[in-house]
Amino acid sequence: MAQLGYTVDQMISAKSIAARIEALAREIEAAFAGTDKLVVVGLLRGSFVFIADLVREIDLPVEVDFLEASSYGNEMESSREVRILKDLRGEIQGRDVLVVEDIVDTGHTLTHVVGLLNQRKPNRLKTIALLNKKIRREVDIEADWIGFEIPDEFVVGYGIDYAQRNRNLPFIGKVRMG
Ligand code: IMP
Ligand code: MG
C-alpha cells in the first residue's frame, strides 16, 4: 500500500479478537441474564464489524440499533464537539441497553452518547469498547467492558478506518507513516 504513504503493521490478530469476544460475551450474558430483550446499540461506523461478531456470540434475546455521532472526519485528531448524525430507530426507555464502541480515545464521544441515551431513561445502560487508549483520555469515562488496552497509536482494521480506508482488514493494525 505504498501509494497511500503509510504501512499497516498487525497489532491484534483476528484470532485474538475472536477469543476475546467470546470471553466478553460470557460476561455480558451474565450481567444481563434474565433481560427481556437487550438493545445492542452500535456506534457507526467503526463498530459495525465488532457488533456483528459480538451479537452472534451473545446467547440472549437481542435487538440491534445504530447511532452515528460525528467523528474525526478525515483527520487523525478528535474533535471535542460531538454531534448526532443519525439517531436510534427505537425507543430505549425502560430497556436494557448495551452501547458498542470501537475505540475510546479522548472519551468525548462515549461521554456524549451515554449522556444523551441516559436522558431517555433506560432501565440499565452499559458500554463496551473493543479498544481503549487510556493515556489519551480528556474526560473521566471508562467503558464497562474493554476488549484490549492499546498504546497511543493510530489503528485501523476490523471496522476502524483511516480516512475511510482499511475498515475491511480482518485484524487491528497500527498505522506507520512513510
Ligand atoms: P473520542 O471521542 O476521542 O473518544 O474518539 C472516539 C472515536 O474516535 C472512535 O470511535 C473512533 O471512531 C475514533 N478514533 C479514535 N482513535 C482512533 C484510531 O486510532 N483510529 C481510527 N479512529 C480512531
Ligand atoms: Mg467511532
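What you are looking at is a predicted structure, and each value in this text was computed from that prediction instead of being measured. Residue indices begin at 1 and follow the sequence shown. Numbering of ligands and ligand atoms starts at 1, following listing order.
At under 3.5 Å, a nitrogen or oxygen of V155, whether backbone or side chain, sits near a nitrogen or oxygen of ligand 1. In terms of polar-atom proximity, defined here as any N/O pair under 3.5 Å, G107 does make such a contact with ligand 1.
Results of the side-chain contact (heavy atoms from CB on, under 4.5 Å) test with I172 over L130, I103, V156 single out L130 as the only residue that passes.
Here is the list of ligand 1 atoms found below 4.0 Å of a heavy atom in H108: 2 (O), 4 (O). Residue E101 approaches ligand 1 through these ligand atoms, each under 4.0 Å from one of its heavy atoms: 9 (C), 10 (O). The D161 neighbourhood of ligand 1 comprises atoms 21 (C), with distances under 4.0 Å to a heavy atom of that residue. When each atom of ligand 1 is checked for a heavy atom of K133 under 4.0 Å away, the hits are 16 (N), 17 (C), 18 (C), 19 (O). Of all the atoms in ligand 1, the ones that sit under 4.0 Å from a non-hydrogen atom of T109 are 1 (P), 2 (O), 5 (O), 6 (C). Interface of E153 with ligand 1, defined as ligand atoms under 4.0 Å from a residue heavy atom, comprises 19 (O).
Within the 4.0 Å heavy-atom criterion, neither part of R136 lies near ligand 1. The part of I160 lying near ligand 1 is the side chain, judged by heavy-atom distances below 4.0 Å. For D102, every heavy-atom contact with ligand 1 shorter than 4.0 Å involves the side chain, none the backbone.
Salt bridge status for K133 with E153: absent, with no side-chain N to carboxylate O gap under 4.0 Å. Taking 4.0 Å as the cut-off between side-chain N and carboxylate O, R89 and D65 do not count as a salt-bridged pair. A salt bridge is defined here as a Lys NZ or Arg NE, NH1 or NH2 lying under 4.0 Å from an Asp or Glu carboxylate O, and D105 with R136 meets this definition. The pair D140-R137 fails the salt-bridge criterion, with no side-chain N (NZ, NE, NH1 or NH2) lying under 4.0 Å from an Asp/Glu carboxylate O.
Heavy atoms only, all atoms of each residue included: V113 and A69 are closest at CG2-CB, 4.4 Å.
For an aromatic pair to be called close, the ring centres must be under 6.0 Å apart, and F171 with Y158 fails this.
Looking at D152, T106, V104, I103, it is T106 that brings a heavy atom closest to atom 3 (O) of ligand 1.
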Report task. Take D161 and N166, measure what side chain to side chain donor-acceptor pair (under 3.5 Å) needs, and give me the verdict at the end. Result -> CA-CA 5 Å; D161 74 302; N166 305 123; over 6 Å; no

